[in-house]
Structure formats: structure tokens, C-alpha cells
Amino acid sequence: MSELKTGTFSVSDLENVQINIGSIVGAIEKTAAEEGEVGPTVKPNISGLRDWDYKLLERYNPVYTPMCDQCCYCTFGTCDLTGNKEGACGINMEGHNAREFMLRVITGASAHSGHGRHLLHHLIDKYGADYPLKVGQTNIIAPNVQMVTGKKPETLGDLEGALSYVEEQLVQLLACVHVGQEGEAIDFESKAMHGGMLDHVGMEVSDIAQISCLEMPKADENAPLSEIGMGTIDSEKPVLLVIGHNVAGVTNIIDYMEDHDLTDKMELCGLCCTALDMTRYRTEGGDVPKAKVVGTLAKELKMIRSGVPDVIVVDEQCVRADVLREARELMMPVITTNDKIMYGLPDRSEDDIEDIIDDLKSGRDDGALILDFEKLGEVAPRLTQEMSKIRKEKGVVSLPTEEEFNELTSRCVHCLTCELECPTNLPISDAMTAAEEGDLRPFEILHDKCVACGRCEQACPKDIPVLNVIEKASQRVIREERGKVRVGRGQISDPEIREEGVNLVMGTTPGIIAMVGCSNYPDGTKDLYRIADEMLRRNYIVLMSGCSAMDLGMYQNDDGETLYEKYPAKFQKGNLINVGSCVSNSHITAATIKVAAIFAQRNITGNYEEIADYILNRVGAVGVAWGAYSQKASSIGTGCNRLGIPVILGPHGSKYRRALIGKPYEEDKWKVLDARNGETMDIPPAPEFLLTTAETIDEMMPMLAKNCIRPSDNNMGRMIKLTHYIELSEKYLGIMPDDWYKYVRNETDLPLARREEFLKKLEQEYGWDIDWNKKKIVSGPTSKLDVSAQPTNVERLCKEA
Amino acid sequence: MADVSKNLKVYTTYGPKSARGTKPAIVAKMIEKAKRPLFVVGSEVLEEKLLARAQAIAKKGIPVAATGHSIKGFIDEEGVDAKYINIHFLGSFLCDPKWAGLDDNGCYDLIILLGHKKYYINQVLSGLKNFSDLKTINIGKHYTQNATLSFGNVTPEVHLEALDELIDNL
């Protein structure tokens, strides 16, 4: 019997033959080894990167802000852990909260990876395991996969091994949640980091599979623009609304509509990441998007309550649990297409298409579960056309009439219950008063700030449908909700990294601001526009994804341009890129990995710790999840954190209950080694956190600039970054920051235009010794400028170690 | 007298320990007794009427930790000792007995809070409640379960009246 070492083979026309394959892991490792250097952590298990996590956690301490002071995980409980008490099993509040955080992370990672598994099954069925992966101009097709698993995937089938690894590790992590397992917070933290890392592998698998097969843009800086906003939907046409994150089934709908000349005769629109991925489908090469984006999760209930959709199709993730109940009221049949969401509907996957359509349009059934995508592709558009006629004939309306609106606003007794129940404590009562007086503006403002959770309605003692009132009052602004979003381009290409990597590492491009995540904003959607515009004007590279990418496109400047139209989309300073949907977040971490691989020629294969160490010390990137609400956002962020990328959340992000914050006053924590000789180097507190929150974007602006500072910055880079930090602090807080001097290594780090002013401050306020003849700093700085230094936190990477 | 010690209804609960309701006169006494009080204000304090009260409290000699972008309301105010700090950082540092405070004079023993988003400050206070011995008083208009003491849920008018009473008692 011969041994097959690598490569592929096919077997056909066999009957009654059993083939057993023990394991192909060895073969994969051989492949990687033959292709080049392999690092020490191929497919790390839970403890594989524990040392690295401990290094991070020693500097960036977990800060727990529990949301529930009790533990009810087992029948010993309920246990009151208030004041860090121990429960019956021995776990204390710290440990329990670290466990809760880890659970949140692996829930998010499972959602992405489960999505990836569904997608991969579907695409392998359709295109075959040998279908080549094509993601654009790159020699590193899957940076996260390669770095973590040691495998360089080339085909769809190659992704199976990476996903199997992720799934196995997630099971091991979930096992740790069980009572009587891990007891120390720090090891739950390390496990959370592991889950975050796995998430980026799972996301990358998902996205590169769909990019390759579904003709999505491939690292294309000229990806087309798509329409976005409730105002772009033509309600005179039949309207099919899709909600969720998994575009697989929707592609069949798009194909059917094109094949039957329906594209211009009905509206296909979407909410959440399915919407973004619909616009990516078959737009490789710049083709026009075949669907419209309505918006984010925050628009879900608003869109349904508008009464505009005729049929709703849902797939998975971030879909409201009450879609069926809400749609039923408005005669909108709901089709579920994924076993993660089935709403108790009958499985019609095997049934005749005509029977399904008859049962739904007659109202015999509220909806159907259809797991056969070919069938879905035909049923959904045909049913939409039928339901449009039926619903128009029956005059189905949702929002109140003018008379009803007046009655509802006058029914309010201003008890403030809705405001105290509202997650953001919005001023609903005052808006009711104003509306009674004919002024709808306060409600129009609320429309943007309201995330349409519906809790106000559940709380109202007078049964006022508060959301309907808000939406009725806001019809004018809803009609004006018309924007543009750039279709997700996927990866950053190798040539782009080659060109820009040096600027990022030296600091002359001040940093990457990656705005990701969901729509649970503290003060409305326009904040995203303000953040992005400010940072783009300052030459930061701004990367967008998911719901943030959508909301950014909702606003125009005075010239009527969205930021996507105003700024180019190459990976270079002052450019604005939409990488794509939720799973496209992996391309953001991938870009930083590629900087290490391409610019610095570091081996990334199975070499996580060295690459994370490189990124932490040299790549000025900060993530912003201003409206993060989901478990997925916590896993995305934690994956960034393990890789050395700090993340700032909006104030709602405090409800994740755990931050990672450094203590700038603990000087011994801000030291690294110089890899040239193993000597200790002092560094400024940069970045000074891995995960924290900000209250307002005015507060966050200077935080962004400060936390793009890295020990490796050359003098020009540090000067640029420090200039932005000081300017943003002065602009948004009205003050000179009190820690600016910590980032000064010598006079060339000082903002050029204000050098003399700052030298005076250093002398007078901080006691530094200045040679005024040469205008040089003689003594004072704690960290030294040495452009050749190679900062590292990993002793084994030092030459003299 | 503004009765702000009632309506302690919680709309979602953190657990068995809840802030006790308090009154302006009691808050004033506690501030007087404290050795190292810290007045922590959030960005919502920038509303004109609230800012005037916050400045008046600060001028009674209580150092201010200005979180969010609230520092804008305290720049160049005579007799006010205000410094910017991120509230999440502050929450972390306050749990560390080694922290020397905003002015290097040591950690604090009483925290008074005003002008914060309710959901946000409740999270920060949850950390202090569980991992420090600090006494915390929220004098905002929403009852905040995770403080040691808190005003109840009150209307803006009653709230301003209560703050005036507090200022008079300091």
C-alpha cells in the first residue's frame, strides 16, 4: 500500500467500498514545512499562547464591571457574588465575570464560524472542494488562517481543516464554562483571547470562501457604490426584504430575478450584513449591485412597522426574535432559510413550490422554513409579487393616521416610564408634548437616535405604540434617508501593503482607524460620519465594516457627497475603505499581519506570538466599535486585542462588563526589550489600553490619535502622531493633554510649528533641561529615540537572549 | 426641600445590593466629613443649568474629575480644580490603592457623581461596588442602583432644586 503525502486524488464509480482516512493533519503540516519556515504555534491549543496572553494581561489589567452580581449557572445557586464574594462552587466575582466574558467571546466566534461552516458546505456542494480561492492580488490568501493553523489554503476544501480546528477549540473552550472547571480569572481571560483569535480564523474562512465563489470584489479599490437608506426603496413596487448575515440563499433569489427579468420590477433590499453581502454578489469588476441596503439592525423593526415589505426572508444572526410576530400583524409572510432561526414554522423544503406559495398568500401559514435554496430563489420573488397585489388590495397599513397620531400623543400622561425603560433614556415625553403642539422635530431627532428595540412600548402603561408614533412623526426625514455605501472590497492587496507598510511602521501615516460593529450608538448615527471625516482629513487610513460601514454612507456633505464618494478607497493615507460585512473584519487584522509579512519579511506561518508582538509595538491601528452590541463584536474586538490592536467602544460597550486598561503610573509596566541585544527599553504608555470605552466622540477623538502611537515610530512619525493628539485634544476637549510630554523622546518629536512653545513648556512645567542655543532637549525624556531599535515583549526574539 | 429620596424603582436589576435613597443635606454632610472627596462629572453636565450647579459645587473646594468631554465646562473657571480623565480608566484606578489620585495626593474616600449617562455610570459603579470600599453618591436625576447612595428618579425641575439645596448646605 502506498502512502499519499500531499496533493489531491479522486475516486469514482465505486460501490460498497469503505474508505477510512485517519487524519490529514500530518500531511498539512508537511505541506507547510515544505513551503517555508514554520513558527512554534501551529494550531495552538487553549494553553498554546498562554504566555503571550499573560504578557498582555500583566500590562493591560482586566477591569470588571459586572452586570449581574449573582451567578445562576448551576443548582448550587443562586449565589450572591457581590463584593467579590465566592459562590458555592468557589468561584468569585472576578472569575465569574471573566468566565462570562469568555462565554460572550466564544458565542460570537461560534456565530461567525457556524456561519462559515454553513457557507462552506453550501459552496463546496455547488463549486467543489477543488475550487480555487481567489481574493485578489496576494500571495497570502488567508493571513489569519496561515498564522494560526500553519496552513496556506488554496482551495475551498483546504478551508475545511482550518474550520475543523476552530470548531474543536470552541468546544474545548465551552467545556471550561461548566461548573468546577477553571477557577482563576486570568486563565478565563487567556481563554477569551483564544476565542477571539479563533473568531478571526472563522471569519476569514467565511469571507474568502464567498469572495472566491460569488464573484465579489477582490481587493478592489474601485468597488462600486450601492444605494442605502429607507428613502431609496420604491414602495410602489413589490418589496422583498432580507434580514441577517448569510447571503448564500439570497444569491439564488438574485439569480432568479435576473433570469426572469424581475430586477427592475421589484425591490430587493436588505438589513444588516446580508444586505452588504448582497451588494457584493457578482460585482467583481465593477458591475452594478443587484440589491439595495436599507440599513442596520436598528432599522429592523422600523422597516417592518413601515408596512413597506411584502415578504421577509431571514437567514441568521442579528435578526429580531419577533420578526414573525410583527410581520404577521401586517400580512407579510416570513421565510426562514437557516436552521439557526426557524420560528416554529413548518419545514416546506421538500414541498411543491406552488403549494408553498398558495399556503402563504392565502394566509393559511404565516411563513415557511425553506432550506432548499433553489426553491427559495423562486418562491421568494414570486410570492413577493403576489403579496404586493394582495396587500395593496386589502389596504394594509401599519403606521397611525394623522387622527390616530394626535390621539396617541394626547394619551401620554408623561409618567416617564418609557424614558427610564429606554436603553438610552431618550426624551420621549418631551417629544410627545412637542408633537401635541404640532412640532415634530423632537421626534425626528429621536428617530435617528432610537435603535427600535421596542422596550418603551412594553413599558407604557397607556399602551401607546411609541415606536409607531416616532416613525409616523418622522416620515419627512425617512424619505430623505438616501445615501451611498461602497461595496465591500475584501482584502487589502499585497501591492498596497508593500507601498504603505513602511509609512505605517515609521508612523508617517499616522494610523489605521478601523470602525467596525453594530448600531447601538449613544447619540445617533451621524457620529460615525464625524469621526471618519475628522480622521480622514488628518490622513489616517479609515477602514469600515458591517453596520458601521452602512451608517457612514447615510450622510452627505454640503456638496451632496457621502464620504465614500469624497475619499478614494486605496489602502493609503487619507483613504476610506469598506472591507465588507461582519466576517470581513478578518481582513482588518489580516492587513496588520500582512504588514509584518510583506514589509518586515516576518514569517507568519504558525507564528502568532511574534506577529502579535510586531503589531503591538509597530503598527499604529485602533479599532472603534462605537455601537457594539453583539457577542460577535466582543469576539472581533478580543481577536484584535490578542493581536496587539487596541479597541475603543461606545458607552454601551461598558455592558460587555470587562475592559483591559493599562496603568500609566506603573512605570515598570511600560518597558520592552530591544531585540538587537536584549536590553530593556523604556516606552511611553502606547497603546495605553487594549479595550476601553469612551462616553462621547469628542472624548474619543484624541484617544484615537494617542493610541496610534507606537514605540517604533521614527521622529517624523512621532511628530505627526503627537501633533494630531494635541490638536484633537485642544479641538474636542479644549485642553492641552496632561500626558503629552511622555511621548517626547527628543526635540524632533515635537510638532514642528509649535516646537519652541513646547520646549518652553517642557522646561517650565516639567523641569526638562533645554539647550536654547541649539533648541535641543538635553535631559528629561524617559524613553530614547533610536530608530534602529527593535522593540519586543518576547525574550526569545532577542539576539542575545 | 426637594424630596429626591423617593422613587427608587429599578427598571433592570444588577442584583441584591441597591443604593439607598438620599437627600441633599445628607450628601452635604458626607462631603464635609470626607477627607478626600472627588466630584466626578460626565458630559451631560454641559447642559447650561446643570453646568452652573456643577461649577458651584466644584467651587466649594472639591476636586473635579471631568470625564467624557465635560472638561470644556470647567476650563478657566476660577476656583475650580478640574482634570480630564476617562471614566473607565478612573473606575479602574479608583480600585487600586496604589493610585496617587489626579493630583498625586493619594486616593479618594468619597465619590460624588453628576451628569452621566445612567447606563454607563451604573456599569462603572458596579466595578467600584464590587472591587473597592469607596463610598459613592450619585446626585444625577436618575436612581442609580450601583452607587452607595443615590437620588431617586426625579424630574429635571426637582433635580435642579435639589442641587441648589446641596450647594446651600456645603
Side-chain angles (χ1 to χ4, degrees), chain A residues 61-70 78 80-85 93-94 97 416-417 419-425 455 459 522 649-657 659 661-666 688-689 691-703 729 732-735 737-738, chain B residues 7 9-17 42-44 46 66-76 82-89 91-93 95-96 98-102 104 116-133 141-143 146 153-156:
Chain A
N61 306 148
V63 178
Y64 300 110
T65 53
M67 196 107 155
C68 176
D69 298 338
Q70 301 181 140
T78 301
D80 174 20
L81 308 179
T82 310
N84 206 21
K85 287 202 289 269
M93 180 65 103
E94 273 187 347
N97 267 267
L416 303 181
T417 303
E419 293 188 16
L420 289 162
E421 186 67 40
C422 172
T424 314
N425 305 119
R455 274 168 53 180
L649 307 170
H652 282 294
S654 61
K655 291 179 241 174
Y656 285 120
R657 300 157 241 185
I661 295 175
K663 292 176 175 147
Y665 55 86
E666 289 186 338
E688 61 178 3
F689 60 84
L691 189 77
T692 191
T693 58
E695 185 188 353
T696 61
I697 60 164
D698 294 56
E699 180 186 19
M700 184 176 63
M701 296 285 196
M703 289 170 75
S729 183
Y732 288 96
L733 299 180
I735 53 166
D738 62 5
Chain B
N7 190 1
K9 183 176 175 187
V10 290
Y11 289 79
T12 52
T13 181
Y14 283 75
K17 191 173 176 183
S43 300
E44 293 186 357
L46 292 173
T67 69
H69 65 282
S70 63
I71 187 72
K72 278 188 157 179
F74 298 88
I75 301 165
D76 300 330
K83 287 210 166 100
Y84 161 75
I85 186 167
N86 171 277
I87 188 79
H88 221 137
F89 276 62
S92 167
F93 299 171
C95 292
D96 178 5
K98 296 196 296 290
W99 186 47
L102 291 166
D104 285 335
H116 299 274
K117 291 175 169 60
K118 178 188 172 178
Y119 61 87
Y120 191 33
I121 199 62
N122 233 343
Q123 285 305 123
V124 176
L125 286 169
S126 163
L128 296 180
K129 179 178 79 174
N130 282 295
F131 303 109
S132 83
D133 296 324
K141 66 178 179 181
H142 291 148
Y143 175 66
N146 289 327
N153 297 306
V154 293
T155 62

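Computed from a predicted model, the values in this text were never measured in an experiment. Per chain, numbering begins at 1; letters A, B, ... match sequence-line order.
- No donor-acceptor pair under 3.5 Å is formed between the side chain of Glu695(A) and the backbone N or O of Ile87(B).
- If you measure heavy-atom distances from Thr417(A) to chain B, the contacts under 4.5 Å come from both the backbone and the side chain.
- Neither the backbone nor the side chain of Ile697(A) comes within contact range of chain B; no heavy atom of the residue lies under 4.5 Å from a heavy atom of that chain.
- Lys72(B) and Asp698(A) make their closest contact through NZ-OD2, 4.4 Å (heavy atoms, listed as atom of the first residue, atom of the second, distance).
- Side-chain contact between Lys117(B) and Asn425(A) is absent, with no heavy atoms from C-beta onward closer than 4.5 Å.
- Nearest heavy-atom pair across Pro66(A) and Ser126(B) is O-OG, 2.5 Å.
- The existence of a salt bridge linking Lys17(B) and Asp69(A) is excluded, since no basic side-chain nitrogen approaches an acidic carboxylate oxygen closer than 4.0 Å.
- His652(A) meets the ring pair (Phe, Tyr, Trp, His ring centres under 6.0 Å) test with Tyr119(B); sequence neighbours excluded.
- Per-residue heavy-atom pair counts under 4.5 Å with chain B were compared for Thr424(A), Leu416(A), Leu420(A), and the maximum is reached by Leu420(A).
- Between chain A and the options Lys118(B), His88(B), His116(B), Lys129(B), heavy-atom pairs under 4.5 Å are most frequent for His88(B).
- Heavy-atom pairs under 4.5 Å with chain B were tallied for Lys655(A), Gln70(A), Glu421(A); the largest tally goes to Lys655(A).
- Side-chain contact between Thr692(A) and Asn86(B) is present, with at least one heavy-atom pair separated by less than 4.5 Å.
- Two residues are said to be in side-chain contact when any heavy atoms from C-beta on lie closer than 4.5 Å; Ser654(A) and Val124(B) fail this criterion.
- Using cut-offs of 30° and 60° for the angle between ring planes, the Phe93(B) and Tyr665(A) rings count as perpendicular.
- Counting heavy atoms from C-beta outward, Glu666(A) and Asp96(B) have side chains that approach closer than 4.5 Å.
- Applying the side chain to side chain contact (heavy atoms under 4.5 Å, CB included) criterion to Ser70(B), with sequence neighbours excluded, gives Val41(B), Val45(B), Ala66(B).
- Proximity to chain A involves both the backbone and the side chain of Phe89(B), based on heavy atoms less than 4.5 angstrom apart.
- In this structure, no portion of Glu419(A) lies under 4.5 Å from any heavy atom of chain B.
- For the set Ser43(B), Gly42(B), Gly15(B), the entry with the most heavy-atom pairs within less than 4.5 Å of chain A is Ser43(B).
- Of the two parts of His142(B), only the side chain, counted from C-beta on, holds a non-hydrogen atom closer than 4.5 Å to a non-hydrogen atom of chain A.
- Residues Tyr84(B) and Ile735(A) meet the side-chain proximity criterion, which asks for heavy atoms closer than 4.5 Å.
- With a 4.5 angstrom heavy-atom cutoff, Met703(A) touches chain B only via side-chain atoms.
- How far OG1 of Thr67(B) is from CD of Glu699(A): 6.5 Å, rounded to the nearest 0.5 Å.
- Residue Pro522(A) touches chain B through both its backbone and its side chain, counting heavy-atom pairs closer than 4.5 Å.
- Of the atoms belonging to Ser132(B), not a single heavy atom falls under 4.5 Å from chain A.
- A distance of 11.0 Å separates CE of Met701(A) from NE2 of His69(B), quoted to the nearest 0.5 Å.
- Thr65(A) OG1 to Phe131(B) CZ: the interatomic distance, rounded to the nearest 0.5 Å, is 9.0 Å.
- The candidate with the highest count of non-hydrogen atom pairs below 4.5 Å against chain B, out of Ala694(A), Ala659(A), Ala459(A), is Ala694(A).
- Counting heavy-atom pairs closer than 4.5 Å to chain B, the top residue among Asn84(A), Thr78(A), Val63(A) is Asn84(A).
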